[in-house]
Amino acid sequence: MVFMTTDLVFQYIIPMVVTAVFYQRIIHKLREREKWRKTSLEQCSSSDEMLDNDLKEKRRTVKLLIFIVLLFALSWLPYHLFYPIWEYFLVPRNIHFGGYDITIILALHSFAVTSICYNPFLYWGFNKTFKREIMRIFRLI
C-alpha cells in the first residue's frame, strides 16, 4: 500500500501538478506578451493581419501544451489505476488473471511510457516551424 501511494504521488500526481503549474505560467506569459504586442502593433498599418496570425499561433501553442498534458495524463492513468484496483478489489477476492498479472502490468507500463513518443507528432501538427524544419532535415538525408 505504501509503495502504490508513493508511486502514484511521485510518478503521477507531482509531475502532473508541476507540469500544469509551469504550463499555466507559460500561457500567462503568452497572454502578457499578446497585450504588449497588440499595443505595439496597433501603430503599424498591417497590424490586423499580424495580430490575427499572432493570435492563431498563440492558440496553437496553448492547444499543444494542453494536448501534451492530456496525453501524459491519459497514458499513465491506466497504469496507476490498475495497482489500487488490483490491490484493494481483486486480490482480497482472490480474483487473478491466470498468471497474467505481470503481463497486464507490463503492458500498461509500456503504454504509459509511450506518452513521450507522441510529442513530436503533436509538434508536427501544431507548430509550423517545427514541421518546416523536419521537412528540411529529411530533404537533406
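In this text the structure is predicted, and so the values were computed from the model without any measurement. Heavy-atom basis, side chains included; hydrogens, waters and symmetry copies ignored.
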Checklist entry - Can you list the residues that meet the side-chain contact (heavy atoms from CB on, under 4.5 Å) rule with Ile14, with sequence neighbours excluded? => result Val9, Phe10, Val18
Next on the checklist: Same cluster or not: Ile116 versus Phe130, using hydrophobic residues (I, L, V, M, F, W, Y) connected whenever any side-chain heavy atoms lie under 4.5 Å apart?
Outcome noted: no
Next on the checklist: Test: side-chain hydrogen bond (donor to acceptor under 3.5 Å, both in side chains). Region: residues 59-68. Which pairs qualify, not counting sequence neighbours?
Outcome noted: Glu57-Arg60
Checklist entry - For residues 9-24, which residue pairs qualify under side-chain hydrogen bond (donor to acceptor under 3.5 Å, both in side chains), counting only residues two or more places apart or in two chains? => result Asp7-Gln11
Checklist entry - Hey, any chance Leu74 and Ile105 share a hydrophobic cluster, counting ILVMFWY side chains that come within less than 4.5 Å of each other, even indirectly? => result no
Item to check | Distance-minimising heavy-atom pair for Phe82 and Leu108 | outcome: CB-CD1, 3.5 Å
Item to check | Where at least one partner belongs to residues 104-123, residue pairs that pass side-chain hydrogen bond (donor to acceptor under 3.5 Å, both in side chains), sequence neighbours excluded | outcome: Thr114-Tyr118
Checklist entry - According to the salt bridge (charged side-chain N to carboxylate O under 4.0 Å, His left out) rule, which pairs have a member within residues 116-135, sequence neighbours left out? => result Glu133-Arg136
Checklist entry - Is it the case that more than 12 heavy atoms not belonging to Ile134 sit under 6.0 Å from its CD1 atom? => result yes
Donor-acceptor contacts under 3.5 Å from residues 65-73 side chains, at least two apart:
none

Item to check | Residue pairs fulfilling side-chain hydrogen bond (donor to acceptor under 3.5 Å, both in side chains) with at least one residue in residues 72-81, sequence neighbours excluded | outcome: none
Checklist entry - Mind checking what makes ring pair (Phe, Tyr, Trp, His ring centres under 6.0 Å) contact with Phe121, not counting sequence neighbours? => result none
